[in-house]
S.K.: 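The structure's right below; bear with me while I get my questions together.
Just so it is clear: chains get the letters A, B, ... in the order the sequence lines come, proteins before strands, and each one is counted from 1.
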Amino acid sequence: MNILEVRDLKIYFYAEQGIVKAVDGISFDIKKGSTLGLAGESGSGKTVTALSILNLVDPPGKIINGQIKYNGASLLDLDAEKMRMLRGKEISIVFQEPLTALNPVLSIEEQMYEMLLAHRRLSKNGCHKIVIEYLKKVNIPSPQKILKDYPHQLSGGTRQRVMIAMSLLLNPKLIILDEPTTALDVTIQAAILDLLMQLKEEMDLSILFITHDLGIIAEIADDVVILEKGRVVEKAGTLEIFENPKNDYTKRLLNAARFLEVSPL
Amino acid sequence: MIEAKRLKKYFPVERGFFRRKTGEVKAVDGVDLFIGKGKTLGLVGESGCGKTTLGKLLLGLLEPDSGEIIKEKGLKTNIVFQDPFGSLNPRMRVEQIVTEGLKIEKRIEHLKRSAERLMDTVELPRKSLAKYPHQFSGGERQRISIARAIATKPNFIVCDEPVSSLDVSIRVQILTLLVNLQKEFGLSYLFIAHDLGAVRHMSSTVAVMYLGKIVEYGPKEEIYKRPLHPYTKSLLLSAPTPYPKAKKEKVLLKGDVPSAVNPPEGCRFHTRCPYAFEVCPINEPLLMQYSTNHFCACHLHQPKSNKNI
Amino acid sequence: MRLVFKQKKIIFGLGLIIIMIALAIFAKFICPQDPYQINLGEHEKLQPPSFEHFFGTDDLGRDVFTRIVYGARISISVGFIAVLISLLIGVLLGAVSGYYGGKADWLIMRLVEIMLCIPTIFLILMALAFLGPSIRNVMIIIGLTSWAGLARLVRAEFLTLRERDYVLAAKILGASDARIIFRHILPNALSPVWVNATLGVGGAILIEAALSFLGLGVQIPTPSWGNILTDGIYYVDSAWWLMIFPGLFILTTVLSFNLVGEGLRDVLDPRLRK
């Protein structure tokens with residue numbers, strides 16, 4: 001059973017110099033309860049693909065072809081209001097840079113309440129309880145202390161934990177993680193990845209994990225899609241890709257990643 | 001080639017209208033190091049640990065508050081930066097960028113020829129010389145940056161995370177180029193990185209830094225095979241590896257890196273260390289010798305001697 | 001550069017400015033009449049617009065169109081020279097302030113604050129009262145009183161640009177301060193300066209017109225848009241053309257410069273470009 005099916009998706013950017021085919025006919029599925037790793041280097045179209053699922057592609061970019069089905073229902077045909085209700089509640093997204101994804105003039109508490117109240121009718125007390133619960137879920141040691149803080153007052157790791165808590169606030173079924181740990185230090189990254197895998201089990205999530213780092217893919221993904229310049233060059237189960245890569249580009253990426261690997265000699 | 005002794009650099013934190021000093025960022029807090037001719041020291045640490053400040057001190061871009069830098073006679077330095085987009089002047093052509101150092105040194109004969117040779121050395125087509133930085137990819141810009149750094153024939157180069165913002169496949173190319181240049185020109189490098197990945201291919205010696213201090217220092221083989229400090233272990237084990245079956249025991253650290261303004265008392269790492277015990281928050285461990293050239297600052301181990309680096 | 005010409009605002013504004021400058025330069029060929037030619041004949045003075053006199057004649061029987069065309073010389077050159085002076089001072093002080101920081105910065109910024117606190121028009125009026133009104137004094141004084149905003153702008157640019165890696169790289173190569181300032185920082189700091197300067201030309205033209213209108217600027221009988229307006233004030237109810245036409249020229253010119261300035265800002269500001 002697939003929670004998400006993407007078929008022949010094409011996203012073009014109409015720039016002054018001509019048309020840039022950022023995504024050029026890609027297809028993939030995410031099985032319910034599984035983690036799909038979408039891997040590629042810069043310019044592979046991985047982030048635009050993520051944005052397109054929630055219909056967040058802005059001009060000059062345009063989805064010109066394809067199907068995106070969530071639980072069998074087409075997402076591209078939804079009107080703006082229905083899409084808004086779906087975001088956060090069914091599918092949510094976490095970006096690479098939490099500092100730009102959070103509103104700098106609202107406290108953590110205000111942002112999280114706002115998110116809740118946009119979808120549910122709750123008292124202030126009710127909001128407070130849920131927010132604390134979710135901040136605990138993401139292993140923030142004393143959530144009370146950061147409620148009144150503004151995003152810039154938090155460390156990068158804590159900010160990303162807050163972002164994850166926010167993205168889970170409405171109990172979505174599918175969560176899109178767009179390089180969520182790239183801006184973080186390795187030791188913080190390890191803790192966040194660990195947390196994500198734990199939350200996935202706990203909340204029965206399906207995950208689309210977008211990254212350039214094949215190491216992360218190896219560690220957390222069930223299936224892998226390798227993108228190059230807007231096209232799928234290889235897709236398979238994680239073990240299959242890493243042990244028996246077929247495509248030359250995949251092999252090259254894998255060799256580079258293994259060359260630069262960090263591990264005891 | 002270059003040596004640092006008890007190097008310190010604090011930055012004042014100023015607040016309010018009268019710019020009162022309210023604290024200090026202890027960016028570099030008593031660092032010793034030594035880099036030999038033709039050798040590379042890999043300097044590894046996470047953001048805010050003071051590694052870039054240390055690099056700037058060695059280059060003379062900052063004045064140390066105390067300690068000294070001993071330079072061999074004839075030492076000539078340069079730098080390659082992390083960000084390939086902010087490190088090249090967008091209004092200058094590549095030719096102007098790479099020959100600027102020669103012009104400043106008034107070595108103006110054969111400028112064109114020198115520029116072309118530099119392009120050959122960093123493996124860029126000669127016609128690149130007429131272009132502007134924005135016409136190049138990240139990896140190509142990094143090559144231009146390297147050409148600028150080697151143009152005046154320095155013998156010591158600080159590489160400040162030169163591949164961190166590049167795609168993985170490009171990283172390998174740039175590292176290879178740096179290694180080849182080192183062999184060809186006998187360069188010494190300080191290779192700064194935020195993880196232990198690229199360092200392995202670059203350096204003979206590795207120093208691990210945490211909150212302004214070097215916590216472990218030693219030959220590459222020792223650091224990777226027998227890491228002593230829990231922080232080094234965590235750096236080694238927490239990075240994901242591209243082998244799905246490899247089940248590693250991880251050393252997960254607690255919490256975030258504390259601020260360098262008021263670093264924790266005792267061992268600066270104790271707030272995150274999974275093995276911390278009673279002494280750690282009280283006594284600051286000194287960098288001590290464990291085997292030939294392998295130094296570590298941690299209460300968990302019994303040192304052989306307390307010789308300096 | 002191609003982007004610059006894609007902007008409709010810039011093309012439109014620049015077109016008008018070029019027409020104005022052409023009028024100023026080729027005044028002699030466009031208007032064969034003498035702007036100082038007085039004609040006191042009963043059928044010559046205060047005539048409404050006709051084929052003979054496009055914009056009519058004034059109370060001394062002079063051709064208003066001719067006077068406006070010759071006035072363009074004064075108004076536009078005042079605009080350009082005043083801005084040139086304020087550019088020189090503003091960029092220099094802003095650069096020193098932003099690059100060196102410390103005491104020089106403190107001193108210059110206090111000076112800027114003082115300049116910005118006193119309304120410019122009072123400063124100009126005071127200075128003109130001492131120096132006496134003349135075209136040259138008007139240019140210099142407008143220039144001397146309008147650099148403060150520019151200096152602050154340049155300083156802000158320098159503060160961010162001096163931290164750039166390529167500036168550090170130049171320092172390591174042993175580049176002198178002058179080389180760093182003029183080759184590495186200034187060229188990258190100029191975009192907002194051009195915008196500001198373009199808007200400044202319009203502003204300076206307005207100030208000149210105001211001063212001449214008050215009788216403190218360009219002195220009669222030399223025609224400038226400001227004092228043509230002044231002449232018209234006594235006949236505002238009988239000879240409308242005396243005020244409408246110079247007013248229109250001032251309006252169009254200032255608007256053109258503002259259009260170009262805004263267009264440049266749109267093109268040069270990367271935040272608006274995306």
S.K.: Looking at A/Ala257, A/Gly157, A/Pro141, A/Ala218, which one has more heavy-atom pairs under 4.5 Å with chain B than the rest?
M.R.: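 Most heavy-atom pairs within the cutoff with chain B belong to A/Ala218.
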S.K.: With chain A, which of B/Pro227, B/Gly138, B/Pro242, B/Ser234 has the greatest number of heavy-atom pairs at distances under 4.5 Å?
M.R.: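 Among B/Pro227, B/Gly138, B/Pro242, B/Ser234, the one with the most close pairs to chain A is B/Pro242.
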S.K.: Nearest 0.5 angstrom please: B/Thr241 OG1 to A/Ile216 CD1, how far?
M.R.: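 The CD1 atom of A/Ile216 is 11.0 Å from OG1 of B/Thr241, to the nearest 0.5 Å.
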S.K.: Verify the neighbour count for atom NZ of B/Lys39: are there more than 12 heavy atoms of other residues, nucleotides or ligands below 6.0 Å?
M.R.: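 Not more than 12 within 6.0 Å, no.
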S.K.: Let me know which of A/Ile220, A/Leu214, A/Asp222, A/Leu239 forms a side chain to side chain contact (heavy atoms under 4.5 Å, CB included) with B/Pro244.
M.R.: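 Single pass found, and it is A/Leu239.
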S.K.: Rounded to the nearest 0.5 Å, how far does NZ of B/Lys254 lie from CG of A/Asn139?
M.R.: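 Answer rounded to 0.5 Å: 13.5 Å.
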S.K.: Side chain, backbone, both or neither: which part of B/Leu235 has an atom under 4.5 Å from a heavy atom of chain A?
M.R.: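 Backbone plus side chain of B/Leu235, per the 4.5 Å heavy-atom cut-off to chain A.
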S.K.: Decide if atom NZ of A/Lys229 counts as having more than 12 heavy atoms of other residues, nucleotides or ligands within a radius under 6.0 Å.
M.R.: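 Check fails, neighbour count at 12 or below.
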S.K.: If you count the non-hydrogen atoms of other residues, nucleotides and ligands that lie under 6.0 Å from CD in B/Glu265, is the total more than 12?
M.R.: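 For B/Glu265, atom CD is not crowded (no more than 12 foreign heavy atoms under 6.0 Å).
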S.K.: For A/Asp194, is it the side chain, the backbone, both or neither that has a heavy atom under 4.5 Å from a heavy atom of chain B?
M.R.: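 Contact with chain B involves the side chain of A/Asp194 alone.
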S.K.: Tell me, for A/Thr158 versus chain B, whether the close heavy atoms (under 4.5 Å) come from the side chain, the backbone, both or neither.
M.R.: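 It is both, since atoms from each part get that close.
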S.K.: Identify which part of B/Arg226 has an atom lying under 4.5 Å from any heavy atom of chain A, answering side chain, backbone, both or neither.
M.R.: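 For B/Arg226, there is no contact with chain A at all, as no heavy atom is under 4.5 Å.
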S.K.: Quick one: is the NZ or CZ of B/Arg200 closer than 6.0 Å to the six-membered ring centre of A/Phe259, and within 45° of its axis?
M.R.: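 Here B/Arg200 fails the 6.0 Å and 45° test against A/Phe259.
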S.K.: Of the backbone (N, CA, C, O) and the side chain (C-beta and beyond), which part of A/Arg258 lies under 4.5 Å from a heavy atom of chain B, both, or neither?
M.R.: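 For A/Arg258, heavy atoms of backbone and side chain both lie under 4.5 Å from chain B.
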S.K.: My understanding is that only one of A/Thr187, A/Val262, A/Ile188 makes a side chain to side chain contact (heavy atoms under 4.5 Å, CB included) with B/Ser238; could you say which?
M.R.: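 Going through A/Thr187, A/Val262, A/Ile188 one by one, the side chain to side chain contact (heavy atoms under 4.5 Å, CB included) with B/Ser238 is satisfied by A/Thr187 alone.
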S.K.: Say you draw a straight line from CD1 of B/Ile170 to OG of A/Ser42; how long is it, rounded to the nearest 0.5 Å?
M.R.: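 These two atoms lie 8.0 Å from each other.
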S.K.: What part of A/Glu261 is in contact with chain B, defined as an atom under 4.5 angstrom from a non-hydrogen atom: side chain, backbone, both or neither?
M.R.: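 Contact with chain B: backbone and side chain both.
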S.K.: Count the heavy atoms belonging to other residues, nucleotides or ligands that lie under 6.0 Å from NZ of A/Lys21, then report whether that count exceeds 12.
M.R.: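 Check fails, neighbour count at 12 or below.
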S.K.: Quick one: ring-ring contact (aromatic ring centres under 6.0 Å, His included) pairs with a partner in residues 188-243 of chain A, sequence neighbours left out?
M.R.: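 Checked against ring-ring contact (aromatic ring centres under 6.0 Å, His included) - neighbours excluded - no pair reaches residues 188-243 of chain A.
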S.K.: Between B/Pro240 and A/Asp213, which heavy-atom pair has the shortest distance, and what is it?
M.R.: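 Looks like CG-OD2, 4.1 Å.
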S.K.: Under 4.5 Å, counting heavy-atom pairs only, tell me which of B/Arg272, B/Gln173, B/His194 racks up the most with chain A.
M.R.: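 When all of B/Arg272, B/Gln173, B/His194 are compared, B/Arg272 has the most.
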S.K.: Just give me the residue among A/Asn255, A/Leu184, A/Val186 that pairs up with chain B most often, heavy atom to heavy atom, under 4.5 Å.
M.R.: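 Of A/Asn255, A/Leu184, A/Val186, A/Val186 has the most heavy-atom pairs under 4.5 Å with chain B.
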S.K.: Name the region of B/Leu166, side chain, backbone, both or neither, that has any atom closer than 4.5 Å to a heavy atom of chain A.
M.R.: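 Looking at B/Leu166, nothing touches chain A.
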S.K.: Are more than 12 heavy atoms from other residues, nucleotides or ligands located less than 6.0 Å from atom NZ of B/Lys56?
M.R.: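 Not more than 12 within 6.0 Å, no.
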S.K.: Looking at A/Lys32, I'd like to know if its NZ atom is crowded, meaning that more than 12 non-hydrogen atoms belonging to other residues, nucleotides or ligands lie closer than 6.0 Å.
M.R.: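 Yes, the 6.0 Å shell around NZ holds more than 12 heavy atoms from other groups.
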